[in-house]
Structure formats: structure tokens, C-alpha cells
Participant: 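Encoded as C-alpha cells, here's the structure I'll be asking about.
Every chain is numbered from 1 and lettered A, B, ... according to where its sequence line falls, protein lines coming before strand lines.
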Protein chains: 2
Amino acid sequence: MSSSAMQLTTEGVCITYLNKQLFVLLQIHNQKPFKGKWGLPMLEVKSIHTIEKTLRLLAKSYPSLSLSAPVFAGLYSDPARHPKSRVVAATYMFFSSPDALEKSQPDHAWHPIDKLPSSLIMDHKQIIKKSKQFLQSLTNHAPLLYLMPERFTLSELQLCMETLFDVTLDKRNFRKKIISSGWINPTRQRQQNVAHKAATYYTLNKKKAKESSI
Amino acid sequence: MSSSAMQLTTEGVCITYLNKQLFVLLQIHNQKPFKGKWGLPMLEVKSIHTIEKTLRLLAKSYPSLSLSAPVFAGLYSDPARHPKSRVVAATYMFFSSPDALEKSQPDHAWHPIDKLPSSLIMDHKQIIKKSKQFLQSLTNHAPLLYLMPERFTLSELQLCMETLFDVTLDKRNFRKKIISSGWINPTRQRQQNVAHKAATYYTLNKKKAKESSI
DNA sequence: ACAAAAGTGTTATTTGTACACCCATGC
DNA sequence: GCATGGGTGTACAAATAACACTTTTGT
């Protein structure tokens, strides 16, 4: 029956991708003891809320980013992670189109995951590192489609996969597989003003995405 | 900075298997408000401990069961799950050899997962149901090897897989695959006094198991 | 005409699936 | 000698991997 003071938070690792780089959304926190410092977006799980509800609230703070559904990425419970109190983090990843890079919110910014500010609050540097590993370990590659812009070419998608999973893929085999997977649909639009044959744009198959819920 | 009273617990779903049945370890709780009722083993995450440490403590309560490493299986945070206070559960599965069925601890018993006591505390019935689904969804079947006794025949292992994943497998193909996986080793022991050709006993390849850490 | 990326098909290899009979043992 | 489960090999299908050239477009 002992109930020592403990706080549970959801801490979100929002990820997007552009030009062979992953970006993570950071926030300048404005409450003690982290006032003015960079960290991941986080929200306390209130006593009347579930974790799922809290995640919905967290995502709602960023309506313009069209975040994916949350994907559980780990628990962080080191008693020393917060300097003042006991805070256990349930971390979740959210995926977002790079369009989000241009949508700015007050006190927020996207940072390249390999060039983070020198100090982040608590263990957020660690959480981001682990989240990247987690992402690379995903055997279901579907979430990566959420890192693509609204419309994208097959080469762009292939480059994204190659970057994140640190592999090189055969163009023909890659195309056969992704097209036959049903996750993407061709459009009738093609690149314009490129000094080579114009590539067809594809889009996420939203029907399939809805069914599969990542 | 609000710190409403919240408790974090690890709640363990210890599983074993015998004769086409899964068993889960239940405990008669002896503290209010659950005095005398069946539920999963659980341990509060103390303010000085991490979740991992708490899991080690939980496993240490059952030294005779040779539990596997814990496998994260879900968070349960419904504010109403505990009648008196806010308790969020981090649930983990532990796998155990059926030898454990004979090792009795005070106030504990193994129950067939499909014939649980009519009422379990909190949402434990739900957690067990979800854990079973989680187990079935594991694409890495290796944890199931921890449900086998010290030595087992290939037919026993096949039957276990068939039961849990609710499939039927071809004997020859199953054998080829499991043997070539390197997860098990044949012994020179064979069944005795059976009214048919004696089967070879196999054991878990502990070297491989250690490397793979489930 | 040339540079740059798009787009495409075939073959070989590997992996998975289907399938049926003989073997050893206790009764 | 028969009932019981143990143990094995081969042929086919499917999935994956390797591989090179032609097309389109801007400069």
C-alpha cells in the first residue's frame, strides 16, 4: 500500500527524414527544473488518464505534423533520471512526413538525430539513441512509409530505407517487392524539370495503412 | 511538477506448458484490498529501483522455477484497474520448464490458462488473455524452447508449437528447420520403455540461447 | 552528344511445402 | 504379429538474389 511519489510520463520520439538524415522533434522546456533546456516532448500521465489517452493528448499538441500512431519504444525508470523527483517514462515513437520540418511550433525545433544539442534534459539523448536502434531493428518496414512526403519516388523511398537500415538494395528487386506489397500506389504525376527521365510519384496506400495500423 | 500518488508495479506472467496446455502462475495475495484473492505475482517498483531491478527481484522470489529472462508484454494504466489507488502495471512474461509445475511455493499455484479461477484481481484476467495473444504473435519462436523440460523429444516440441500457434506442422519439415536453426542439440539419450521406436532427447543449446538472450 | 537518373526482365539460388514409407519397441 | 510413434528423402513451388541495358530529359 506504500505510495511513494512517482510520476509516469509519456515521452515522444517524433521522427522524420529528409536527405539521408533523420530528424527528431525537440522542445525547449519551460518548467523547472528544465527551464530553457532542450528535450523530447513529454506529458504526464494524469491520474484520470490512461497512457493511450495521454499519447493522444501529446499527439494533439502537434496537429500540423500529421503524426503516425504511436509505437511503443521502451520504459526508462532509472531513479536518477530526473534530478528532483521520480519520473518513469513510457516512450513511444511517432513518424511524420518531412513536410513537418517546415511547420514550426513555438519552442520546438527539428534536430538532425546525429547533431543534437550538446545537452538534453534527463536521459533524452539515450532515449533517442535507443529509439534509432529500435527503428533499425523493426522487421516490419511499413512505419518508414510515414517518413515519406505526401508523394515520393521509388528512388527516394529506396534511399530512405538504405539510409535507415544501413544496407544497399538492388533497384529492381526493391521495386518489385514494394510494389507487390500493396503499401504504395502510383499516381499519374511525374517529376518536372529534372535533367533525366522523370520519375513517377507514389503515395501511401491509406486503405492498407488503416487496416494494418502500423 | 504535480506528483499525484501513483504506483508502478511489475506484474509477471509466468508461463509453462504441459500436455497441450499452458499454465500460468498465480498467487493468493495477502494484502488489502486483495487479501485471499488470486492474481499474478506482482512487485512494486520501489523509488530506489529500476524496472529491471524489480523484475530481477520478482524472479528471485521463485528460485526453483528457473524462469527465463523477462519479455516485455504491455502496459496497463486504466485508472480504475485498482479499486483504491492508482497502479500502473508494466507486464512481463517469464517462461519456465514444466518441471516447475511440481515445485510448490506457499500461496502459489499453476493454473491452466483456459481454466482460471472465476475471479482474478484487477485486470489480471485480461492481462493473461493479452499475454497469450502476444505469445502467439511472437515471430521469433525461440522463447517457446524455455517451455520445454530439460530434455525433450522433437515430437514433444512440435506438439507444443502446434498447440500454441494453433497450426499443424509437417513432421519432416519441422525437424529440418528446428535442427538447422541451431537452437537445440541432440543428446545420446533416448526414451526408455516405450512401445515404439525410442525417440532421441534434445536439449536447448545454451550457448546459442545466451548469445540471443531470447 | 552527353550526363543523370528512371525504368525494366531473366536466370540462378535459396527456401519452403507437400508427400509416404520403413524402423524399433512393448504388448 | 500388431499397434504405436520415430525417423527419413525427394520433387515441386515460391521467394529471393544477382545481374545490364535502354529510355527520357536538361544542358
Participant: Any idea which of D:dA20, D:dG26, C:dA20 is nearest the B:Arg172 side chain?
Facilitator: C:dA20
Participant: Quick one: is D:dG6 close enough that its OP1 or OP2 comes under 4.0 Å of any side-chain N or O from B:Thr200?
Facilitator: no
Participant: A:Glu156 CD to C:dA5 P: how many Å, rounded?
Facilitator: 12 Å
Participant: Grab the two heavy atoms, one from A:Leu40 and one from A:His29, that are nearest each other, plus how far apart they are.
Facilitator: O-NE2, 3.0 Å
Participant: Between the protein and nucleotides 14-17 of chain C, list every N/O to N/O distance that falls short of 3.5 Å.
Facilitator:
none

Participant: Any idea which of D:dG26, C:dA6, D:dG5 is nearest the A:Asn193 side chain?
Facilitator: D:dG26
Participant: Does atom CG of B:Asn19 have more than 12 heavy-atom neighbours from other groups under 6.0 Å away?
Facilitator: no
Participant: Given D:dG6, C:dG7, C:dA5, which nucleotide is nearest the side-chain atoms of B:Ala199?
Facilitator: D:dG6
Participant: In whole Å, I'd like the distance from the CG atom of A:Asp170 to the P atom of C:dT13.
Facilitator: 17 Å
Participant: Roughly, in whole Å, what's the span from OH in A:Tyr201 to P in C:dA6?
Facilitator: 11 Å
Participant: To the nearest Å, how far apart are B:Ile178 CD1 and D:dG7 P?
Facilitator: 14 Å
Participant: Starting at CZ of A:Arg175 and ending at P of D:dA18, how long is that distance when rounded to a whole Å?
Facilitator: 18 Å
Participant: Without decimals, in angstroms, what is the distance between A:Lys171 NZ and D:dT23 C1'?
Facilitator: 11 Å
Participant: When you get a sec, tell me which of D:dG6, D:dG9, C:dA6 is the closest nucleotide to the side chain of B:Ser155?
Facilitator: D:dG6
Participant: Please report, rounded to the nearest Å, how far the P atom of C:dA1 is from the NE2 atom of A:His196.
Facilitator: 22 Å
Participant: Considering only distance and modelled atom types, tabulate donor-acceptor pairs under 3.5 Å from the side chains of residues 144-153 of chain B, sequence neighbours left out.
Facilitator:
| from | atom 1 | to | atom 2 | distance (Å) |
| --- | --- | --- | --- | --- |
| B:Arg151 | NH1 | B:Gln189 | OE1 | 2.4 |
| B:Thr153 | OG1 | B:Glu156 | N | 3.1 |

